[in-house]
Amino acid sequence: MGQSNTATKYWKENLKYLGVLLTIWFIVSFGLGILFKTSIDHITLGGFKLGFWFAQQGSIFVFVILIFVYVRLMNRLDKKFGYDE
């Protein structure tokens, strides 16, 4: 029963990480690229309006960064629960 409880805690924490990271990605891609585009378009980045930049490239950059963050978080989580190699 102890192993099952540990696995349950592990997956709950993993799902919490996924939820937070996917929420960040949703806010950046959908929020900044579509919903709040007009309110951030007065800022330019590389000669492009910021809303356009987030819709075309920014959300991809943020997604790649979030992948590295997720890997780091999962490595820590694996060590915390003894699943590291």
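Only heavy atoms go into these numbers, but all of them, side chains included; no hydrogens, no water, no symmetry mates. Keep in mind that what you see is a predicted model, and the values were worked out from it rather than measured.
Applying the ring pair (Phe, Tyr, Trp, His ring centres under 6.0 Å) criterion to Phe30, with sequence neighbours excluded, gives Phe26. Residues passing the side-chain hydrogen bond (donor to acceptor under 3.5 Å, both in side chains) test with Trp25: none are found, sequence neighbours excluded. The side-chain hydrogen bond (donor to acceptor under 3.5 Å, both in side chains) check on Lys37 picks up Asp41, with sequence neighbours excluded. Under the side-chain hydrogen bond (donor to acceptor under 3.5 Å, both in side chains) criterion, Tyr70 pairs with Asn14, sequence neighbours left out.
In this structure, Ile43 is not a member of the same hydrophobic cluster as Phe48, with clusters built from ILVMFWY side-chain heavy atoms closer than 4.5 Å. When the side chains of ILVMFWY residues are joined at heavy-atom separations under 4.5 Å, either directly or via intervening members, Ile34 and Val28 end up in two distinct hydrophobic clusters. Criterion: ILVMFWY side-chain heavy atoms under 4.5 Å apart, direct or through other members. Under it, Phe81 and Leu15 are part of a common hydrophobic cluster. Linking ILVMFWY residues whenever their side-chain heavy atoms come closer than 4.5 Å, directly or via other members, leaves Ile27 and Leu21 in distinct clusters.
From Tyr17, atom OH reaches atom CG of Leu22 across 14.5 Å, with rounding to the nearest 0.5 Å. Rounding to the nearest 0.5 angstrom, the gap separating the NZ atom in Lys9 from the CG atom in Asn5 is 4.5 Å.
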If you look only at distance, which donor and acceptor atoms sit under 3.5 Å apart when one is on a side chain in residues 49-67 and the other is two or more places apart or in another chain?
| from | atom 1 | to | atom 2 | distance (Å) |
| --- | --- | --- | --- | --- |
| Trp53 | NE1 | Gln57 | OE1 | 3.3 |
| Ser59 | OG | Phe54 | O | 3.4 |

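Evaluation of the salt bridge (Lys or Arg N to Asp or Glu O under 4.0 Å) test over residues 13-36, restricted to residues two or more places apart or in two chains, returns Glu13-Lys80.
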